[in-house]
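Computed from a prediction, not measured in an experiment: that's the story for all the values here.
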Amino acid sequence: MTAPALTKMTKVEVVVSGSDAPAVRDLIQSIGATGYTSLSGVSGLGHHGYRQGRLLFNQQATLELIITVVPEPKVNALLAGLRPLLDAA
C-alpha cells in the first residue's frame, strides 16, 4: 500500500477585532485557502494589555481568533495582506 501524497501546509492564526474579521476572512478566501475557523469572544494579554472575551455591546467590540492552513507558496501573499491591517491596529 502506498502513502497518499501530502501537501506541506502552514498554519496561520490571527487575533483581530470583530470589525476587522470580515476583511481577514475575505483575504483568506481571496488567496485560495479552502477554509478557516473563526472563534469570537477570545481573551488574552498582548500589546494592548488584557482583553476580556465577553461581548460589551455588539459583535464588533470583541476579538476574534481566525485560523487557517495554506500551502507554503500562498503564505507570503496572506502575510502581505495581513500586515497593513495588523500594523494599523
Side-chain angles (χ1 to χ4, degrees):
M1 183 163 155
T2 61
L6 300 176
T7 302
K8 188 171 184 176
M9 303 289 269
T10 300
K11 180 179 177 182
V12 177
E13 299 182 5
V14 60
V15 176
V16 294
S17 68
S19 60
D20 291 332
V24 173
R25 290 191 292 263
D26 289 345
L27 174 63
I28 289 170
Q29 291 177 322
S30 74
I31 64 149
T34 57
Y36 59 84
T37 299
S38 182
L39 304 167
S40 62
V42 296
S43 62
L45 179 65
H47 296 290
H48 299 287
Y50 180 74
R51 300 282 300 263
Q52 295 184 14
R54 67 175 190 254
L55 293 175
L56 297 176
F57 302 106
N58 57 41
Q59 193 70 15
Q60 307 298 313
T62 188
L63 295 177
E64 282 196 37
L65 169 62
I66 302 174
I67 306 163
T68 191
V69 293
V70 294
E72 282 190 25
K74 296 183 179 187
V75 173
N76 287 336
L78 180 56
L79 295 179
L82 288 172
R83 178 125 359 246
L85 179 67
L86 298 176
D87 286 344

Identify whether Leu86 and Val75 are in the same connected component of the hydrophobic contact network (ILVMFWY, side-chain heavy atoms under 4.5 Å).
yes

Got Val12 and Ile67 here, is their nearest side-chain heavy-atom distance under 4.5 Å?
no

Begin with the C-alpha distance, continue with both residues' side-chain angles, and end with the deciding distance and a verdict on side-chain contact (heavy atoms from CB on, under 4.5 Å) for Ile66 and Arg25.
CA-CA 8 Å; Ile66 302 174; Arg25 290 191 292 263; 4.1 Å; yes

Closest contact, heavy atoms only, Glu64 versus Gly18:
OE2-CA, 4.3 Å

Heavy-atom closest pair, residues Leu27 and Leu82:
CD2-N, 3.6 Å

Verify side-chain contact (heavy atoms from CB on, under 4.5 Å) between Val16 and Leu63, making sure each step is shown before the conclusion.
CA-CA 6 Å; Val16 294; Leu63 295 177; over 6 Å; no

Hey, is Glu72 close enough to Lys74 for a salt bridge, meaning N to O under 4.0 Å?
no

Closest heavy-atom pair, Val70 versus Ala33, reported as atoms and distance to 0.1 Å, is CG1-CB, 3.8 Å

Whether the side chain of Thr68 engages the backbone of Gly35 through a donor-acceptor N/O pair (distance < 3.5 Å, no angle test) should be reported.
yes

Return the minimal non-hydrogen interatomic distance between Ile31 and Ala77, and the atom names on each side.
CG2-CB, 4.2 Å

Any idea which heavy atoms bring Gly49 and Leu45 closest together, and the distance?
C-CD1, 3.5 Å

Please examine the side chains of Met9 and Thr7, heavy atoms only from C-beta on, and report whether any two atoms are closer than 4.5 Å.
yes

Check step by step if side-chain contact (heavy atoms from CB on, under 4.5 Å) holds for Leu65 and Val14.
CA-CA 6 Å; Leu65 169 62; Val14 60; over 6 Å; no

